[in-house]
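Structure first, commentary second.
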Number of protein chains: 2
Amino acid sequence: MTKRVTIKSIAQDLGISHMTVSRALSDHPNVHKDKREAIKARARELGYVPNAAAKAMRGDGTKIVGLLLPNITNEFYARFANAMALACEANSLHLIIHLTNDDSALERQALERLREVQAMAVLMVPTPATSPHEQPSASGLNVIQLVRQRAIDGTSGTVLIDDHKAIHDAVVHLAQQGHRAIGFIGANNNLSSGKQRLAAFRAGLTTTGLSEDAALVHTGSPSFEMGRSCFGKLLKGKSATALVCGGVEISNGALSALMEHGPGSAKQLAFIGYGDPSYYRWLAGGISTIRLPIDALAQEAMALLQPNGDAAKGSGLRKLNAELVLRGP
Amino acid sequence: MTKRVTIKSIAQDLGISHMTVSRALSDHPNVHKDKREAIKARARELGYVPNAAAKAMRGDGTKIVGLLLPNITNEFYARFANAMALACEANSLHLIIHLTNDDSALERQALERLREVQAMAVLMVPTPATSPHEQPSASGLNVIQLVRQRAIDGTSGTVLIDDHKAIHDAVVHLAQQGHRAIGFIGANNNLSSGKQRLAAFRAGLTTTGLSEDAALVHTGSPSFEMGRSCFGKLLKGKSATALVCGGVEISNGALSALMEHGPGSAKQLAFIGYGDPSYYRWLAGGISTIRLPIDALAQEAMALLQPNGDAAKGSGLRKLNAELVLRGP
DNA sequence: ATGAAAGCGCTAACAC
DNA sequence: GTGTTAGCGCTTTCAT
């Protein structure tokens with residue numbers, strides 16, 4: 001492997017000072033035009049690429065953006081990561097993705113590593129709250145929280161999803177269809193979003209004059225497995241005739257359990273998912289769901305990355321509306 | 001924002017030489033034990049994290065692994081990326097994901113950026129071949145190719161999928177079911193894997209004594225849209241009674257077209273997909289498919305990242321078998 | 001218009 | 001056991 005081409009090696013090759021090379025490559029005016037072109041040509045020839053580490057060490061910033069997600073197999077996160085990656089591609093940014101698996105230890109570790117590389121910003125879907133003294137030290141990090149919100153040191157912006165109306169309307173819709181035993185599976189109080197989704201569900205019940213049946217409401221740490229198992233409980237106990245899901249992982253988990261119960265049961269239980277994976281429309285005649293504005297989310301996140309116009313637009317807290325999508329016969 | 005905590009600032013804070021701090025933090029023996037502990041404690045207190053850029057500049061390596069994928073919305077790539085990200089998490093590596101969208105210009109750009117940050121290795125699913133003079137300069141990069149193979153400078157390892165038997169068997173299975181008009185949609189010759197999949201399809205036809213009908217075979221640059229549109233052509237022209245897909249994007253695209261044709265058509269056309277998204281089992285009574293060994297792929301890729309045992313095991317070319325999964329009534 | 005020096009954070013190689 | 005020096009690649013500042 002040939003030694004790395006540096007600004008100095010080019011200078012030596014050309015018998016000039018490395019400063020002239022530096023200036024030429026950065027289009028500084030004070031370089032003779034012919035010389036500049038010659039230098040640039042030679043650099044291209046040699047396959048020169050600037051050394052990001054050297055630039056970073058000078059305090060020039062890193063062009064590195066961190067992205068912390070619970071996982072990337074869930075289509076919601078995958079699509080979001082895809083959108084972010086494309087946006088970063090377009091802005092010549094590096095996107096470092098760390099998966100937290102909703103584990104605060106992994107989250108802490110990821111943040112620490114991103115401090116090491118001096119990421120210019122970190123976009124993160126926070127894991128469910130940990131005890132206060134376990135707060136990850138994100139000092140020096142420009143943190144932007146997505147979808148979920150938690151008290152995190154260094155947070156400069158937050159983009160949340162306002163799903164209150166969508167969840168509320170989902171319950172009302174089910175009630176109008178004649179359902180009286182409407183279940184809910186969502187995240188617990190460790191997450192403010194979990195709390196709010198449950199509140200929205202309850203608001204829906206109130207609107208329709210239904211009273212809450214504790215046996216039909218399940219909350220916990222949001223995961224695929226949790227959605228699966230809660231769905232099982234829901235069927236075994238006082239059986240619900242309808243279900244509203246309050247989380248993307250939960251929704252997929254519950255749906256997988258539903259599908260395994262056979263095609264018939266899907267018609268007996270009105271299912272309203274959360275997030276809108278591409279295949280929901282094809283399942284059991286179409287799965288109704290609460291759709292999240294993925295592209296808008298990515299767009300807002302990118303906007304918050306830019307230094308300008310951040311505080312300008314106010315507090316740095318944005319909310320994007322979810323949308324109820326009804327499907328089926 | 002407080003200034004960054006460095007080895008020097010700690011030294012100053014403690015009134016000692018920065019070298020002692022350096023030694024203490026890296027557990028060098030030549031430091032008085034009490035002093036070492038004191039230094040470590042203070043460093044933790046101050047929230048010290050080593051500066052990756054400085055380490056990189058000394059030539060100590062970067063712990064950065066690049067991953068180039070066409071996209072990450074396709075469940076196959078998403079699951080693979082997920083597996084790689086978890087593996088990197090476990091090994092304290094940074095995973096930088098670049099999406100190429102199967103565009104060689106984006107691929108070239110991504111490789112250049114990874115050279116800038118001196119990635120220790122790059123795992124890539126190469127885009128379809130470009131003209132030779134457009135070869136991306138990956139010099140100095142430790143490239144590992146995945147799934148697809150192309151002549152790329154700096155390649156130190158390749159992990160491919162051997163799907164010959166699976167595709168061949170798929171055709172034989174369809175023939176045994178009585179199908180005589182079996183279609184195929186796959187990648188074109190720009191990709192060696194495309195060529196081989198078509199060859200496997202033809203081998204299947206030969207085995208069963210069927211002759212190839214050019215109108216039923218479509219190849220091109222593999223993408224969701226391509227799969228969709230070719231599926232349309234297949235239905236309009238001499239209509240096939242069965243279809244074998246030769247690519248993950250193509251499979252999803254073709255399937256989406258199939259689903260839109262209504263639930264009935266799925267039973268008229270025997271569909272064999274490629275890749276095994278979680279929902280295939282739930283569609284139209286179960287979609288048969290060629291399943292790819294995602295976890296094994298990630299495992300092999302990780303193994304190739306480790307410097308040891310690379311050349312030891314031979315040429316650095318591994319092949320993993322795909323598997324035909326039959327579903328449906 | 002060009003060059004020389006300094007310094008970003010870190011550690012190997014020398015002193016002592 | 002501890003401290004000093006030098007140098008990785010780059011650009012800002014100060015000569016020339």
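Reckoned from all heavy atoms, side chains included, excluding hydrogens, waters and symmetry mates. Here is the naming used below: chain letters follow the sequence lines, and residue numbers restart at 1 for every chain.
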Its dot-bracket string being built from Watson-Crick and G-U pairs below 3.5 Å, with | for another strand and [ ] for crossing, DNA chain C has the pattern ||||||||||||||||

Residues at least two apart in sequence or cross-chain that pass salt bridge (charged side-chain N to carboxylate O under 4.0 Å, His left out) with A:Asp34, listed by chain then number, are none

Using a cutoff of under 3.5 Å, can you pull out all pairs of nitrogen or oxygen atoms linking the protein to nucleotides 3-6 of chain C, with atom names and distances?
unit_1, atom_1, unit_2, atom_2, d
C:dG3, OP2, A:Ser17, N, 3.2
C:dG3, OP2, A:Thr20, OG1, 2.3
C:dG3, N7, A:Arg23, NH2, 2.4
C:dG3, O6, A:Arg23, NH1, 3.2
C:dG3, O6, A:Arg23, NH2, 3.2

Not counting sequence neighbours, which residues clear side chain to side chain donor-acceptor pair (under 3.5 Å) with [X]? List them please.
{"X": "A:Glu45", "value": "A:Arg42"}
{"X": "A:Asp27", "value": "A:Lys40"}
{"X": "B:Asn190", "value": "none"}
{"X": "B:Gln149", "value": "none"}

Does the B:Arg148 side chain pair with the main chain of B:Pro126, one donor and one acceptor, at a distance under 3.5 Å?
yes

B:Arg150 side chain vs B:Thr127 backbone, donor-acceptor pair below 3.5 Å:
yes

Between B:Val31 and A:Ser26, whichever has its closest DNA chain D nucleotide further toward 5' is B:Val31

Here the distance between atom P of C:dC8 and atom NZ of B:Lys55, to the nearest Å, is 18 Å

Those residues at least two apart in sequence (or on a different chain) that pass side chain to side chain contact (heavy atoms under 4.5 Å, CB included) with B:Ala53 are A:Ala53, A:Ala56, A:Gln118, B:Asn51

Residues at least two apart in sequence or cross-chain that pass side chain to side chain contact (heavy atoms under 4.5 Å, CB included) with A:Thr155, listed by chain then number, are A:Val143, A:Gln145, A:Ile152, A:Thr158

For residues 31-72 of chain A, the ring-ring contact (aromatic ring centres under 6.0 Å, His included) pairs (sequence neighbours left out) are none

Nearest-nucleotide check on DNA chain C, B:His28 vs B:Ala54; residue mapping nearer the 5' end is B:Ala54

Note: chain B reaches DNA chain D at heavy-atom distances under 4.0 Å over the stretch, first to last nt, 5' to 3', of D:dG1 to D:dG9

side-chain hydrogen bond (donor to acceptor under 3.5 Å, both in side chains) pairs touching residues 62-78 of chain B, sequence neighbours excluded, are B:Asn71-B:Thr73, B:Glu75-B:Arg79, B:Glu75-B:Ser278, B:Tyr77-B:Glu249

Is B:Asn30 touching bases, backbone alone, or none of the nucleic acid, heavy atoms closer than 4.0 Å? base

With a 4.0 Å cutoff (strictly under), does any side-chain N or O of B:Ser22 reach OP1 or OP2 of C:dC10?
no

